[in-house]
J.: 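Structure incoming, see below.
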Amino acid sequence: MNITKILINWYSINKRVLPWRKTKNPYHIWLSEIILQQTQIKQGLPYYEAFISKYPNVLSLANAPESEVLKLWQGLGYYSRARNLHASAKYIVNDLNQEFPDTYKTLLKLKGVGDYTASAIASICFNEPAAVVDGNVYRVLSRFYGIDTPINSSKGIKFFKALAQDIIDENNPGDYNQAIMEFGAVQCKPANPDCNLCPLTQDCVAYRNNNVQELPVKIKAKKPQKKFFNFLVFISDSETTVLEKRKGKGIWENLYQFPLLESDKSLTEKSIKEILKDYKLTKNSSYKLTLFNQDEIIHKLSHQHLYAKFWILNVSELPQAVTPVPISKINDYAVPVLIGNFIEAFNF
DNA sequence: AACGCGGGGTC
DNA sequence: GACCCAGCGTT
């Protein structure tokens, strides 16, 4: 038996029961695929349920405000996925008359849908033989065929896509695609795969060469940068605070945070007070400054390590030119996990 | 071709 | 600490 048939057989026996495996509704499949980009099933599953429940179809998603979509996405990370999901829903409703794209080529026109996601939707929903290549597929193919071309080089990306396309089951592309991914997730795992109960060992080159653990090869990422974040948590006598919407291209675009002082190194109370002189805080310029966390909170992201301090700033009135947020409404705003954890811990 | 983008998980 | 996860868009 060849690898294609073995994988499909294995999948028919071993596949996990998941809500998006009960449907071919392209809206549902699309939503699941966006949520699962760079995200494990365990983490994404509750978000899928919440989105299906709140937005049962593409029209309801398109009609929602972006702020509400981001709030529902809160905690999942890679927030451009939520913004692009929402923008694409509007595109489908406004430009495509609510008709979901049904080919690899037209699916690619959706923001946030690249080669992987277009192939997944086209194959699962529309039976188009487009091979998916995700982290699982790279691992299974690099080991089975013994290929040490780096999977994140342009050469590797092309090579593995062509290889996957070569072995796809043209008559059953959706099941084949899901089979090889599920196999990578459950059997051919990154660390300590149990090759003793693997149905592919007969022809697995890495198994024969005893270098399963060395594959796939990946060009190493550079180390994350350190950044120092000082948040100013205003609390006025009338129980209001200040949140600002993050703009620009960096992390957490369009999410909310307390006013931020970013620096190259840790700021002291003295330097915070120095900066506050320029704020013209209140009519009588009196305030009380308290550091909430004596030790910096270290928030680790893939590309940055954030060292955060939350400064509580009790004032009689908020500064001019800010929109006050009633503290009672603070949980209506989409915030990064770092901010959300603080709000929960501080308990206002 | 290289980089930025989150947060949770394993080993 | 290193690495991974149903990747994508930008430069």
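Convention: sequence-line order gives letters A, B, ...; per-chain numbering from 1. Just so we're clear, the structure is a prediction, and the values are computed from it rather than from any experiment.
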J.: Considering every strand and a 4.0 Å limit on heavy-atom distances, what is the contact class for A:Leu76: base, sugar-phosphate, or nothing?
T.: base
J.: For A:Trp73, answer base if it contacts any base atom (sugar-phosphate contacts may also be present), sugar-phosphate if it contacts only those atoms, and nothing otherwise; contact means non-hydrogen atoms under 4.0 Å.
T.: nothing
J.: Give a yes or no on whether the ring-centroid distance for A:Phe310 and A:Phe346 is below 6.0 angstrom.
T.: no
J.: Can you figure out which of B:dG6, C:dA6, C:dC3 approaches the side chain of A:Trp20 most closely?
T.: C:dA6
J.: Roughly how many Å apart are B:dC11 and C:dA6, using the C1' atom of each and rounding to a whole number?
T.: 22 Å
J.: Could you check whether A:Asn177 gets within reach of a base, just the sugar-phosphate, or nothing at all, counting any heavy atom under 4.0 Å?
T.: nothing
J.: Describe the nucleic acid contact of A:Ser302 in one word from base, sugar-phosphate, nothing, applying a heavy-atom distance below 4.0 Å.
T.: base
J.: Compare the minimum distances between each of B:dG4, B:dG7, C:dG7 and the side chain of A:Lys222, then state the nucleotide with the smallest one.
T.: B:dG4
J.: Counting any heavy atom closer than 4.0 Å, what does A:Lys218 reach on the DNA or RNA strands: base, sugar-phosphate only, or nothing?
T.: sugar-phosphate
J.: Once you apply a heavy-atom cut-off of 4.0 Å, does A:Arg139 come out as touching a base, just sugar-phosphate, or nothing?
T.: sugar-phosphate
J.: May I have the step-by-step check of salt bridge (Lys or Arg N to Asp or Glu O under 4.0 Å) for A:Lys249 and A:Glu253, ending in yes or no?
T.: CA-CA 6 Å; A:Lys249 297 261 175 196; A:Glu253 183 184 343; over 6 Å; no
J.: Contact class for A:Gly75 (heavy atom, under 4.0 Å): base, sugar-phosphate, or nothing?
T.: sugar-phosphate
J.: What's the OH-P distance between A:Tyr78 and B:dC3, to the nearest Å?
T.: 14 Å
J.: Centroid-to-centroid, A:Phe292 to A:Phe342, below 6.0 Å?
T.: yes
J.: Say you pick atom C1' in B:dC5 and the same atom in C:dC4; how far apart are they, in whole Å?
T.: 16 Å
J.: Of the options C:dA6, C:dC3, B:dG7, whose atoms approach the side-chain atoms of A:Lys220 most closely?
T.: C:dC3
J.: More 5' along DNA chain C: A:Lys249 or A:Glu182, using each one's nearest nucleotide?
T.: A:Glu182
J.: Under a 3.5 Å cutoff, is there a donor and acceptor pairing between the side chains of A:Gln37 and A:Thr117?
T.: yes
J.: Given B:dC5, C:dC3, C:dA6, identify the nucleotide with an atom nearest to the side chain of A:His303.
T.: B:dC5
J.: Could you state the CD1-C1' distance from A:Ile339 to B:dG6, rounded to the nearest angstrom?
T.: 14 Å
J.: When the C1' atoms of C:dC3 and B:dG6 are considered, how many whole Å apart are they?
T.: 16 Å
J.: What nucleic acid atoms does A:Val337 come within less than 4.0 Å of, heavy atoms only: base, sugar-phosphate, or nothing?
T.: sugar-phosphate
J.: Whether the A:Asn57 and A:Ser60 side chains hold a donor-acceptor pair (N or O, under 3.5 Å, no angle test) is what I'd like checked.
T.: yes
J.: Would you indicate what A:Val113 reaches in the nucleic acid, counting non-hydrogen atoms under 4.0 angstrom: base, sugar-phosphate, or nothing?
T.: sugar-phosphate
J.: What's A:Lys223 touching, base or sugar-phosphate or nothing? Going by heavy atoms closer than 4.0 Å.
T.: sugar-phosphate
J.: With a 4.0 Å cut-off on heavy atoms, is A:Ser153 in touch with a base, just the backbone sugar-phosphate, or nothing at all?
T.: nothing
J.: For A:Gly250, report the nucleic acid contact type (base, sugar-phosphate, nothing); a contact means any heavy atom under 4.0 Å.
T.: sugar-phosphate
